[in-house]
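Count residues from 1 along the sequence.
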Amino acid sequence: MMQDDKRIKKIINDMITLGVVQLSDIPNIDLYMDQVTTFMEEQLSEYKRNENDKVLTKTMINNYTKNGIIPPPIKRKYSKEHMILLIFIYHLKYSLSINDIQSLLTPLIAQVNVKDEKDLTFSNLYNVFLEIQQNEFKELSSYVDRKMSAIGQQFDEVEISNKEMLARLFMIISLLLQANAQKRLAERMIDEFF
């Protein structure tokens, strides 16, 4: 799987560098809905699997507001804080239900809005998010190295053709099993603590 090793490492390295919205990239001025969707599309398009996929639509954002997941815009404009919450939602929506996302973000928004918590801002929380995101991608790289090696060894010991295809298949299965286990743990933690 040496050839695959390099290709998979490139995919992971691309994930580390592409599509990360830095805090400084988020406008400091309030935006109208069309500006929000355009900004999100430009900044997060690297995460799209297919060209026709939409990052966030007006309908999605309106539903998040209607369901109380994000605060309503002020005079039809969305602040930097709204943008941060929308980026959080974007990353969470592929693994969690809207109800779970609401369960997580409601106490977060309430905590940030407490007057005594001067150091707890959406900007500070977003910086923590970015650091965790970078660390997860780095850990993913070492996890993939270990798993590819272990799977490769398992197929080295058997006499079958097309070992590389089988190793790729089981690497994908391994990643999905790990993702499912982590998703279930996250859901149980939401149920227990939120």
Side-chain angles (χ1 to χ4, degrees), residues 1-22 40-57 59-61 63-64 67 69 84-105 108 125-194:
M1 278 200 15
M2 288 297 279
Q3 188 177 17
D4 285 351
D5 290 0
K6 290 179 184 175
R7 289 170 61 191
I8 293 170
K9 283 196 177 293
K10 183 182 179 334
I11 292 169
I12 293 170
N13 285 333
D14 287 348
M15 289 169 57
I16 291 171
T17 57
L18 298 176
V20 176
V21 182
Q22 298 297 327
M40 293 296 184
E41 192 68 33
E42 289 171 356
Q43 296 295 315
L44 298 171
S45 64
E46 296 295 332
Y47 288 99
K48 296 187 328 185
R49 187 171 181 188
N50 300 306
E51 185 65 32
N52 294 334
D53 292 346
K54 294 288 183 196
V55 172
L56 285 172
T57 65
T59 302
M60 289 178 199
I61 296 170
N63 284 336
Y64 301 149
N67 291 320
I69 299 171
I84 290 170
L85 287 169
L86 289 170
I87 293 169
F88 284 164
I89 292 168
Y90 178 78
H91 287 287
L92 296 173
K93 73 179 183 168
Y94 292 100
S95 298
L96 295 175
S97 70
I98 293 300
N99 288 338
D100 284 342
I101 293 171
Q102 184 175 19
S103 294
L104 287 174
L105 293 184
L108 176 77
L125 294 172
Y126 190 71
N127 283 327
V128 172
F129 167 81
L130 290 176
E131 189 174 319
I132 290 170
Q133 184 182 42
Q134 286 296 103
N135 289 336
E136 288 303 315
F137 284 131
K138 289 175 187 171
E139 286 181 27
L140 177 64
S141 184
S142 69
Y143 172 81
V144 168
D145 286 343
R146 289 191 315 274
K147 284 297 177 181
M148 286 174 55
S149 176
I151 291 169
Q153 287 175 1
Q154 289 173 323
F155 285 105
D156 284 344
E157 298 170 5
V158 294
E159 290 296 324
I160 54 172
S161 60
N162 213 349
K163 291 180 187 182
E164 286 188 18
M165 186 276 301
L166 288 171
R168 274 186 226 120
L169 171 70
F170 279 93
M171 184 63 215
I172 292 168
I173 289 171
S174 175
L175 287 168
L176 292 172
L177 290 172
Q178 180 70 16
N180 286 338
Q182 291 176 346
K183 180 180 188 268
R184 285 189 187 130
L185 175 60
E187 289 171 341
R188 288 191 178 186
M189 290 176 70
I190 290 168
D191 293 344
E192 184 75 23
F193 302 113
F194 291 89

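Shown here are the side-chain contact (heavy atoms from CB on, under 4.5 Å) partners of L130, two or more places apart in sequence or in another chain: V20, Q22, Y126, N127, Q133. For N13, the side-chain contact (heavy atoms from CB on, under 4.5 Å) partners two or more places apart in sequence, or in a different chain, are I16. For Y64, the ring-ring contact (aromatic ring centres under 6.0 Å, His included) test picks out no residue, with sequence neighbours left out. For Q154, the side-chain contact (heavy atoms from CB on, under 4.5 Å) criterion is met by I151, not counting sequence neighbours. With sequence neighbours left out, K48 forms a salt bridge (charged side-chain N to carboxylate O under 4.0 Å, His left out) with E41. For Q153, the side-chain contact (heavy atoms from CB on, under 4.5 Å) partners at least two apart in sequence or on another chain are S149.
How far CG of L177 is from CZ of F170: 10.0 Å, rounded to the nearest 0.5 Å. Rounded to the nearest 0.5 angstrom, I101 CD1 and L104 CG are separated by 8.0 Å. Rounded to the nearest 0.5 angstrom, L166 CG and E164 CD are separated by 10.5 Å. Between the CG atom in L185 and the CG atom in N180 there is a gap of 12.5 Å [rounded to 0.5 Å]. Here the NZ-CG distance, from K93 to D100, works out to 15.5 Å after rounding to the nearest 0.5 Å. Put simply, CG on L92 and CG on L105 are 6.5 Å apart, with the number rounded to the nearest 0.5 Å.
Relative orientation of the F129 and H91 rings is tilted, given thresholds of 30° and 60° on the angle between their planes.
With a 6.0 Å radius and a threshold of 12 heavy atoms from other residues, nucleotides or ligands, K147 has its NZ atom at or below the threshold. Enclosure of atom CG in N52 is not indicated, since only 12 or fewer non-hydrogen atoms of other residues, nucleotides or ligands lie within 6.0 angstrom. Enclosure of atom OH in Y90 by more than 12 non-hydrogen atoms of other residues, nucleotides or ligands within 6.0 angstrom is indicated.
Of all the heavy atoms in I69 and I89, the pair that sits closest is CG2-CD1, 3.5 Å. Annotation for V55 and M40: closest pair CG1-O, 3.7 Å, computed over non-hydrogen atoms. Contact between M148 and I8 at its shortest, heavy atoms only, is SD-CD1, 3.6 Å.
Using a 4.0 Å cut-off between charged nitrogen and carboxylate oxygen, D53 and R49 do not count as a salt-bridge pair.
Put simply, the side chain of I61 does not reach to within 4.5 Å of the side chain of T57, judged on heavy atoms.
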Which pairs would a plain distance check flag for residues 187-194, meaning a side-chain donor or acceptor within less than 3.5 Å of a matching protein atom at least two apart in sequence or in another chain?
residue : atom : partner : partner atom : Å
E187    : OE2  : K183    : NZ           : 2.8

Using residues 137-145 as the side-chain source, report each donor-acceptor pair under 3.5 Å to any protein atom, sequence neighbours left out, with the distance given to one decimal.
residue : atom : partner : partner atom : Å
S142    : OG   : E139    : O            : 3.1
Y143    : OH   : S174    : OG           : 3.3
D145    : OD1  : K9      : NZ           : 2.7
D145    : OD2  : K9      : NZ           : 2.8

